[in-house]
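What follows is a short report on a single structure.
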Number of protein chains: 4
Amino acid sequence: MSPKVTERYREEKRAAILAGALECFIEKGFQATTIDDIVRHLGISKGALYGYFPSKEDMYLQMAHKRMDDMVGSLTSRFKELPLAADRLHYLFGRFQSQPLSELRKWMAFHMEFMLYASRRPELIEMHQQYISKAIQLIDTLIQAGVKNGEFRADLDTESASYLFWSVRDGLALHFLLGGTEERYKQHVADMEAMVLRYLLKTPAAEI
Amino acid sequence: MSPKVTERYREEKRAAILAGALECFIEKGFQATTIDDIVRHLGISKGALYGYFPSKEDMYLQMAHKRMDDMVGSLTSRFKELPLAADRLHYLFGRFQSQPLSELRKWMAFHMEFMLYASRRPELIEMHQQYISKAIQLIDTLIQAGVKNGEFRADLDTESASYLFWSVRDGLALHFLLGGTEERYKQHVADMEAMVLRYLLKTPAAEI
Amino acid sequence: MSPKVTERYREEKRAAILAGALECFIEKGFQATTIDDIVRHLGISKGALYGYFPSKEDMYLQMAHKRMDDMVGSLTSRFKELPLAADRLHYLFGRFQSQPLSELRKWMAFHMEFMLYASRRPELIEMHQQYISKAIQLIDTLIQAGVKNGEFRADLDTESASYLFWSVRDGLALHFLLGGTEERYKQHVADMEAMVLRYLLKTPAAEI
Amino acid sequence: MSPKVTERYREEKRAAILAGALECFIEKGFQATTIDDIVRHLGISKGALYGYFPSKEDMYLQMAHKRMDDMVGSLTSRFKELPLAADRLHYLFGRFQSQPLSELRKWMAFHMEFMLYASRRPELIEMHQQYISKAIQLIDTLIQAGVKNGEFRADLDTESASYLFWSVRDGLALHFLLGGTEERYKQHVADMEAMVLRYLLKTPAAEI
DNA sequence: TATGAATGAGTATTCATTCAT
DNA sequence: CATGAATGAATACTCATTCAT
């Protein structure tokens, strides 16, 4: 009869379990992580975990969505302070550069395993498209604003450009998944920024 | 009793097994493919298979190497007929575009599974670096030739540019792993070519 | 604070729980019905349920007894209005015939599951004998009355006849557990009545 | 390349596993018997068992069919030596009587668990009807022969009578599942024979 | 009394690899 | 060399029951 307290408690516990499970997944991968790993890590019982999530797969899905929403939310709010499209992009590349490589690798592995997993399950593909389109739209909107501003070329296919943006970024992370130095990675991100801007900007002379 | 014949026979059988296994891996993925799947597909016995390969993992590794060597070899010989760096790149993008999406997806899934697999096994990372560096060097050499030619900008970090080249390409494939139309994919490859060339070429005005 | 009220309340709640649990058991079977199913069906909490019954098994047992007592009670009172043994039997067969097959099946499954369950637990067997003997005695008494009346043959082993009566009845239900039409079932019950009467009656010529 | 030897070996092993599993099922029941119980009992590995049967359920089904076929086969061949329908029935009742109660109980429990199990799985019901109809037809044919012979009444619904026959038999076994003495059981079987014959025979005077 | 979160033992099935024939 | 029967470790999920609030 006290839904408020219980509800809040459940929500917190739920989040705690998700966080603990994420640590496990990132450390060992989705498939390699067993339910026993997770409950041991969290210090709870199997039954407790299953009281909050119906399956391992479900935990995985909710986690991926949460991560994307967090990223989009954080960027959206930050972008409000940056009126110029080029500045927004620059901010983004700065975030890419400042993320430690070790962390990027784990995220990338997590993300890839999700995609691989989804690619064998037709019912997850639709859900994944929604997931990924949030990121595409974010950049698409950014580039459209840049075009309106007069910062970027008017003849751009903005959606395609958004795809390319994420492609270089994800492709680069992919190549650093298994090796490469922090230093080299930063260099590549810088060059990537140059390449992307040269592609978007009206006057190539303006490039870095 | 002549060792040559036996040796040749073994080699052919070995290649046949690898080819059959590859078909299975591409169809179902590495983990999902069982040894039983492979021997059933090939019409041989488990014992026979293990007479040629010590483990499933080993088959996987040899296959990945073979694939890369084939690609590099095929491109290297094709490049001899194309003196201009820009033409070589154009040829490459043409290959990207003409590959059916369904096939690309399978290759990408195969490739990703390999990387994910390697990322959890430190002993495989070194081997993967060699594997990947073959592709990097191919493009690095191509770009260096372009710089020497005077086709490309002299201030390029050619290795970095090579990384970016493969990054956009692989990143794009990654985004199309789970969905997207053939048409849209081709459009993105075309835009990708524009972006890369705009980055490499001296006179952006020269771009498509 | 008056114990009477509390006691009465407990008794009613207890009966309500038993009734709700019965519905679940009949619908899904004893083993397949979970405590969660029952409390969900009743809209109460697990703790509440365990405040009234020490275990799932206990609920099961009490339920079976109640059912048998109800049946015997109902028949006993009905029999008072039927002086002739043959009429009493005819009434019984009428009840068998008029019970919808779908309902009979559920009862039969319930009954069988109880027996199977008991057959693996020696401590329940004694209890089951009491349970079953109530039904046997009911018919035994009926037949003895018929013999005294002069309706039935004097050389009958009445207890054995009572066993046979229930055997045909339960065996028939058993055969219809998994299939068969309502129509066919009624036919069999009619023939069953003919067979039983032909066995009990002095003058076979008197049969239907 | 030696299918004969292998085939025979597989068949024997298959039968041995079935026999061992049956012992376990009869001892503990289908659901209560774990795969570990069975392999421990047989002294083989789990993998070996699953090389012969795809699932526990499948073993169960094959076993039930084999048992029925064996019974029908054995009776059919025995009946060839008994021209009179009444003798055939008498032989059957003799078999019922001579079967030790302890064994009957186990068979009955096994049989009941099968039915209960099937009653919750629509896809098994059809299969069960075929299973049971073999027994019904055996007796139906027997009774029809008796009618033609002039031994039995001409106005019988022979199929219905066949149902009644098995009903008394199975119902009796059901009542002795949980208790009762060997002696009492034999008495009931004898009375059952009397009841059934009195029902079938033209001249009741001819009974016992 | 009522609640419902937590417990944790229990189980069918898969599959890479071996090895006797 | 080839065969394929055998091995056995590994793993997600269920549910009757308890007990702190």
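Only a predicted model underlies this, so the values are computations on that prediction, with no experimental measurement involved. To find a chain, count down the sequence lines: A is the first, B the second, and so on, and within it residues start at 1.
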Could you grab the distance from atom [atom1] of [X] to atom [atom2] of [Y], nearest 0.5 Å is fine?
X	Y	atom1	atom2	result
C:Leu177	D:Ser119	CG	OG	5.0 Å
A:Ile35	A:Cys24	CD1	SG	10.0 Å
D:Asp58	D:Met63	CG	CE	10.0 Å
D:Tyr117	C:Gln31	OH	CD	12.0 Å

Between [atom2] of [N] and [atom1] of [X], the distance in whole Å:
X	N	atom1	atom2	answer
A:Arg8	E:dG4	CZ	C1'	19 Å
B:Leu49	F:dC1	CG	C1'	14 Å
D:Ile44	F:dG8	CD1	C1'	13 Å
C:Leu42	E:dG4	CG	C1'	16 Å
D:Glu7	F:dT3	CD	C1'	15 Å
B:Arg40	F:dT3	CZ	P	15 Å
C:Met59	F:dC15	CE	P	14 Å
C:Ile38	F:dT14	CD1	P	18 Å

- Message: Quick check against the 3.5 Å criterion: does C:Lys56 have a side-chain atom that pairs as donor or acceptor with the backbone of C:Phe30?
- Response: yes
- Message: I'd like to know if D:Asp37 pairs up with D:Arg40 as an ion pair, taking the criterion as any Lys NZ or Arg NE/NH1/NH2 lying under 4.0 Å from an Asp or Glu carboxylate oxygen.
- Response: yes
Does [N] have OP1 or OP2 sitting under 4.0 Å from an N or O in the side chain of [X]?
X	N	answer
D:Tyr9	F:dA6	yes
B:Ser45	F:dA2	no
A:Arg10	E:dG4	no

- Query: For DNA chain F, which ranges pair as stems of 3 or more consecutive Watson-Crick or G-U pairs, with both donor-acceptor distances under 3.5 Å?
  - Reply: E:2-21 with F:2-21
- Mind checking salt bridge (Lys or Arg N to Asp or Glu O under 4.0 Å) for D:Glu126 and listing every partner two or more places apart, or none if nothing turns up? none
- Heavy-atom closest pair (B:Ile125 atom, A:Leu178 atom, distance to 0.1 Å) is CG2-O, 2.8 Å
- Message: Expected output is a numbered-order residue list: members of residues 12-29 of chain C with a heavy atom under 4.0 Å from any atom of DNA chain F. What is it?
- Response: none
Would you give me the side-chain donor-acceptor pairs under 3.5 Å for residues 14-22 of chain A, sequence neighbours excluded?
from: A:Arg14; atom 1: NH1; to: A:Tyr52; atom 2: O; distance (Å): 3.2
from: A:Arg14; atom 1: NH2; to: A:Gln62; atom 2: OE1; distance (Å): 2.6

- Query: C:Phe53: what forms a ring pair (Phe, Tyr, Trp, His ring centres under 6.0 Å) with it, not counting sequence neighbours?
  - Reply: none
- Taking the side chain as C-beta and beyond, is there a heavy-atom pair between D:Lys46 and D:Ile38 under 4.5 Å? no
- Task: Let me know, please, whether A:Ala48 or A:Ala32 comes out on the 5' side of the other along DNA chain F by nearest nucleotide.
- Result: A:Ala32
- Query: Do you know which of B:His111, B:Glu113, B:Met112 makes side-chain contact (heavy atoms from CB on, under 4.5 Å) with B:Met115?
  - Reply: B:His111
I'd like a list of close polar pairs between nucleotides 16-20 of chain F and the protein, N/O only, cut-off under 3.5 Å.
from: F:dA16; atom 1: OP1; to: C:Lys56; atom 2: NZ; distance (Å): 3.0
from: F:dA16; atom 1: OP2; to: C:Ile35; atom 2: N; distance (Å): 2.8
from: F:dT17; atom 1: OP2; to: C:Tyr50; atom 2: OH; distance (Å): 3.0
from: F:dT17; atom 1: OP2; to: C:Lys56; atom 2: N; distance (Å): 3.3
from: F:dT17; atom 1: O4; to: C:Lys46; atom 2: NZ; distance (Å): 2.9

- Hey, does A:Phe53 reach any base, or is it just sugar-phosphate, or nothing, if we go heavy atoms under 4.0 Å? nothing
